[in-house]
Amino acid sequence: QKEVEQNSGPLSVPEGAIASLNCTYSDRGSQSFFWYRQYSGKSPELIMFIYSNGDKEDGRFTAQLNKASQYVSLLIRDSQPSDSATYLCAVRSGNTPLVFGKGTRLSVIA
Amino acid sequence: ETGVTQSPTHLIKTRGQQVTLRCSSQSGHNTVSWYQQALGQGPQFIFQYYREEENGRGNFPPRFSGLQFPNYSSELNVNALELDDSALYLCASSPNGRGGPQETQYFGPGTRLLVL
């Protein structure tokens, strides 16, 4: 059974710091990796995706993928209180459906 | 461009009743996936519809059923509701259900169902 693991948190960081969110997955055949942000009571919002090993940057967000270690992370630079949310990691192979982790709750303290 | 919409936003039902949830996919998208998200959990895949046909199903009982219409909007039906069916039901659309691993899904606002 394909599994995606995330630390549930909460992860607390001060405003302006770097938040580091981690995710591991069990299926070595996984090909694409997605990070969604979900505010309380709202639906998931796509932040970014990554397919290749290494880093991918988009504004204040950087996704890092290490397929050999089956590990993907999301870094948020210059964290703001508005970044406080649950961050969901999702994994996919081929045309299979997304498999989500339970999410990590991030709290940015002003 | 119109995003994914869902109706209703909230719903309260009692055990044993039936419910129908609706989703309109984003403009240009022909694939709709349904997910169930219980409190404190990640979304769990229910099923996907691609061009009006079921294109994959998760580990949900047959009382969860759905369909997709020619305009690619979709319905999720749940019969014989149980207390554990209380959750946020999410619809996600994507451009092409067979677009490969790089295809992204965009979620609607969800329907929050409470079963009493």
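Side chains included, hydrogens not; waters and symmetry mates left out as well; all remaining heavy atoms used. Residue numbers begin at 1 in each chain, while the letters A, B, ... track the order of the sequences.
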Exercise. Please look at A/Q6 and chain B and tell me whether the side chain, the backbone, both or neither of the residue comes under 4.5 angstrom of a heavy atom of that chain.
Key: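 A/Q6 has no heavy atom closer than 4.5 Å to chain B.
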Practice problem: Check each atom of B/Y35 against the heavy atoms of chain A and say whether the ones under 4.5 Å are side chain, backbone, both or neither. | Solution: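 The side chain, not the backbone.
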Quiz item: Which bit of B/Q6 comes within less than 4.5 Å of chain A, counting heavy atoms only: side chain, backbone, both or neither?
Solution: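 B/Q6 has no heavy atom closer than 4.5 Å to chain A.
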Would a single hydrophobic cluster contain both [Y] and [X], if residues Ile, Leu, Val, Met, Phe, Trp and Tyr are joined by side-chain heavy-atom contacts under 4.5 Å?
| X | Y | answer |
| --- | --- | --- |
| B/L76 | B/V4 | no |
| B/W34 | A/L46 | no |
| B/F60 | B/L90 | no |

Counting heavy atoms not belonging to [X], are there more than 12 under 6.0 Å from its [atom1]?
| X | atom1 | result |
| --- | --- | --- |
| A/R105 | CZ | no |
| B/N71 | CG | yes |
| B/R15 | CZ | no |
| B/L83 | CG | yes |

Gap separating the [atom1] atom of [X] from the [atom2] atom of [Y], nearest 0.5 angstrom:
| X | Y | atom1 | atom2 | answer |
| --- | --- | --- | --- | --- |
| A/F34 | B/E103 | CZ | CD | 8.5 Å |
| B/F107 | A/L88 | CZ | CG | 8.5 Å |
| A/K102 | B/Q37 | NZ | CD | 12.0 Å |

Practice problem: State, to 0.1 Å, how close B/P109 and A/S43 come at their nearest heavy-atom pair, and which atoms those are. | Solution: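 Here B/P109 and A/S43 meet closest at CA-OG, 3.7 Å.
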Self-check item: Any A/V99 side-chain heavy atom under 4.5 Å of B/F45 side chain
Solution: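 No - every pair of side-chain heavy atoms lies 4.5 Å or more apart.
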Quiz item: Between A/P44, A/S30, A/S8, which has the largest tally of heavy atom pairs under 4.5 Å with chain B?
Solution: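 Option with the top pair count is A/P44.
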